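Take a look at the structure below.
Given the structure is predicted, the values throughout are model-derived calculations rather than measurements. One is the number of the first residue; the rest follow in order along the sequence.
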Amino acid sequence: MIRNVVVVGGGTAGWMTATYLNKTFGDRVTVTVVESPRVPPIGVGEATFSTVRHFFQYLGLSEPEWMPSCGASYKTAIRFENWRGVGSVFYHPFERFRTVDGYDLADWWLALGGDTASLTGECLLVPQLCEDRRAPRRADGRLFAAGLQGSSFQEQEQRNQFPYAYHFDASLLAQFLTTFGKERGVRHVLANVAEVVQDERGWISHLVTPEHGEVHGDLFIDCTGFRGLLINQTLGERFVSFEDMLPNNRAVALRVPRDMATVGIDPYTTATAMDAGWIWTIPLYGRVGTGYVYSDKYCSPEEAEATLRAFAAPDQPELEANHIRMRIGRNERSWVNNCVAIGLSSGFVEPLESTGIFFIQNGIEQLVRHFPDDDWAPALTDAYNKQVGEVIDGVREFLVLHYRAAARNDTQYWKDAKTRVLPPGMAERLDGWSSLLPDENTIYPHFHGFEAYSWRVMLLGLGGHPTSPRPVLRHLDPAPARQELDRLREDAQQLVKELPSCYEYLHQLHS
């Protein structure tokens, strides 16, 4: 049996891993986190997938127990600004399209001659709640769609789609999980790793630390971020770069204080297209996390910082900027010998669709699913590496779509986005989507977290890829679809009246 797991590196990845494994195995497996006191966490505002709720539920944590400690707020969508052109706006929400006679409202909208620029505002309910800054829960705590008669959200809840995710301060979450984990038996060793010792097979035997001597383990988890101390520097695993497809390799971030009682809180992340990349805006409870993601082939760090300051905090020159070099791509294998890389050490694509925490959570869940014994069956390792690799590759393709299909074309950065190399098979998929919108049979074929509706939202919202209506709908009665569009607008108006503002609900939660 594997009885001793050593997690190297703390932060969000390390402590999510440690607390999850501790919850799963209890005292049957010893979990130790070796964390350097000299490596500060990146500590930016973090946005997530809605599936992150499973992590907190698994640990037995309710929202009032963890959100106030982490500056957390709600995320019901991503608002995309300037991607079709300067001044354009559309939303990518946690919401499937309603269906009429077997076809969803995206298909019907095209058949009815609707403008793709207004599709998310007309064919989805959540964007209207975002515009009015409504909370995703009612004042009594029920989910916002509770009480809507005939709403497709009832069907969606049966299919296990949750209507929101979270924003939080990543460094505060790591601190919270540190305390949570230690109280439940996770061993915490504050020490620097001076040496990683391997046995005659090349497997990791133990760590050498100046502060605590040798730290031995059976299974080692590399959560050392972009350094890849174990997986890359020690075991020499090859890192496969994605920069030929996704060239954004740097970011600069600011923590901007805000009086939320005065300005309110947006229930969404904002991604604003800029001349050489895009700026994220993540509203937390008490401040905004913001950063410019860019390619250093088109923009210098100094230019990026000046652009971000002018955009987010022109009157606050004292705010400290955090410059980040990003390693875009993934390891050829994330599990090598007795070492598993989770988080940035495994792989990373730019944070355009909030996949960083999703990659961590998926890696942890798959590790438990493929947890080895002392036989170290190769089938477990191979299956893990296949699944983790497919997830990252699928997200890569989804993000490539954002740039390839964006109508914006006013700088060299955006012009070049239309000619970069595509992932295998994507050119054929794009060609097919000109006459048939993406569905579960034509998107990237392996699990990667995004359903077909997300591909539809992005393809149509970005506005730079030709699309045409499904021919069969010309032969069907459009009246039921028009009625469903009217019902959706009525539902949105009803919810805007009934729901508290996002700030009002969060103020109650954080008080």
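- For Gln57, the CD atom is densely surrounded, since the number of other residues' heavy atoms within 6.0 Å is greater than 12.
- Counting only distance, with no hydrogens or angles, the side chain of Arg456 and the backbone of Ala452 share no donor-acceptor pair below 3.5 Å.
- Side-chain contact check for Asp296 and Asn249: at least one donor-acceptor pair (N or O, by modelled atom type) lies under 3.5 Å.
- Of the possible donor and acceptor atoms, one in the side chain of Ser345 sits under 3.5 Å from a partner among the backbone N and O of Asp222.
- The closest donor-acceptor contact from the side chain of Asp491 to the backbone of Leu125 lies at 3.5 Å or more, if one exists at all.
- Under the 4.0 Å criterion applied to side-chain N and carboxylate O atoms, Asp104 and Arg96 are not assigned as salt-bridge partners.
- Using a 4.5 Å cut-off on side-chain heavy atoms (C-beta onward), Tyr444 and Val395 make no contact.
- Judged by distance alone, with hydrogens and angles left aside, the side-chain atoms of Thr224 form a donor-acceptor pair with the main-chain N or O of Leu229 at under 3.5 Å.
- Residue Arg187 places its CZ atom among 12 or fewer non-hydrogen atoms of other residues, nucleotides or ligands, all under 6.0 Å distant.
- Taking the six-membered ring for Trp and thresholds of 30 and 60 degrees, Tyr292 and Tyr294 have ring planes inclined between 30 and 60 degrees apart.
- With a 6.0 Å cutoff to the six-membered ring centre and a 45° limit on the axis angle, Arg396 counts as a cation-pi contact of Phe242.
- Counting only distance, with no hydrogens or angles, the side chain of Ser205 and the backbone of Val197 share no donor-acceptor pair below 3.5 Å.
- Under the 3.5 Å distance criterion, with hydrogens and angles disregarded, a donor-acceptor pair is assigned to the side chains of His92 and Glu353.
- In summary, Asp169 and Arg255 engage in a salt bridge, as defined by a charged side-chain N under 4.0 Å from a carboxylate O.
- Put simply, the residue from Tyr166, Tyr74, Tyr164, Tyr91 that forms a ring-ring contact (aromatic ring centres under 6.0 Å, His included) with Tyr268 is Tyr91.
- One finds the CH2 atom of Trp335 at 13.0 Å from the OG atom of Ser346 (value rounded to the nearest 0.5 Å).
- Less than 6.0 angstrom separates the ring centroid of Phe226 from the ring centroid of Phe348.
- In this structure, the side chains of Leu430 and Leu422 come closer than 4.5 Å at one or more pairs of heavy atoms.
- Residues Pro438 and Arg429 fail the side-chain proximity criterion, which asks for heavy atoms closer than 4.5 Å.
- In summary, the aromatic rings of Tyr58 and His54 are positioned with their centroids too far apart to meet the 6.0 Å limit.
- In this structure, CE in Met426 is found 5.0 Å from CD in Glu397, a value given to the nearest 0.5 Å.
- One N or O on the side chain of His370 and one on the backbone of Gln366 form a donor-acceptor pair closer than 3.5 Å.
- At a threshold of 4.0 Å, the pair Asp199-Arg201 counts as salt-bridged, since one of the basic side-chain nitrogens sits closer than that to a carboxylate oxygen.
- The environment of NE2 in His206 is crowded: more than 12 heavy-atom neighbours from other residues, nucleotides or ligands sit within 6.0 Å.
- A donor-acceptor contact shorter than 3.5 Å is absent between the side chain of His188 and the backbone of Val186.
- Inter-residue side-chain proximity for Pro351 and Val293 is flagged as met; some heavy-atom pair is nearer than 4.5 Å.
- In this structure, the side chains of Thr99 and Phe97 stay at 4.5 Å or more apart for every pair of heavy atoms.
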Can you check side-chain contact (heavy atoms from CB on, under 4.5 Å) on Ile282 and Glu46, steps first, answer last? CA-CA 7 Å; Ile282 296 177; Glu46 196 80 49; 5.7 Å; no
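- Rounded to the nearest 0.5 Å, atoms CZ (Arg79) and OG1 (Thr281) are 10.0 Å apart.
- No side-chain donor-acceptor contact under 3.5 Å links Thr234 to the backbone of Ile231.
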Hey, mind stepping through Arg138 and Asp140 against salt bridge (charged side-chain N to carboxylate O under 4.0 Å, His left out) and telling me if it holds? CA-CA 5 Å; Arg138 295 173 179 268; Asp140 61 7; 5.9 Å; no
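- The backbone N or O of Trp203 sits nowhere less than 3.5 Å from a side-chain atom of Asn338 that would complete a donor-acceptor pair.
- No side-chain donor from either of Asn385 and Ser334 sits under 3.5 Å from a side-chain acceptor of the other.
- Side-chain atoms of Cys502 and Thr76, non-hydrogen and from C-beta on, never get closer than 4.5 Å to each other.
- Side chain of Trp376 to main chain of Pro378: no donor-acceptor pair is present (N/O by atom type, distance under 3.5 Å, no hydrogens or angles).
- Note that CD1 of Ile364 and CZ of Phe55 are 6.0 Å apart. Values are rounded to the nearest 0.5 Å.
- The shortest heavy-atom contact between Pro163 and Phe144 is CB-CE2, 3.5 Å.
- Under the 4.0 Å criterion applied to side-chain N and carboxylate O atoms, Glu390 and Lys386 are assigned as salt-bridge partners.
- Counting non-hydrogen atoms of neighbouring residues, nucleotides and ligands closer than 6.0 angstrom, the CZ atom of Arg420 exceeds 12 such neighbours.
- Taken from OG in Ser36 to CG in Asn192, the straight-line distance is 3.5 Å, to the nearest 0.5 Å.
- Ring centroids of Phe450 and Trp455 are separated by 6.0 Å or more, keeping the two rings apart.
- Using a 3.5 Å distance cut-off with no hydrogens or angles, the side chains of Glu350 and Asn248 do pair a donor with an acceptor.
- Thr48 has its side chain out of reach of Ser354: every pair of non-hydrogen atoms, C-beta onward, lies at least 4.5 Å apart.
- For the pair Leu367 and Tyr384, the minimum side-chain heavy-atom distance is below 4.5 Å.
- The shortest heavy-atom contact between Cys339 and Ile204 is CB-CD1, 4.0 Å.
- Between His167 and Trp280, the ring centre distance reaches or exceeds 6.0 Å.
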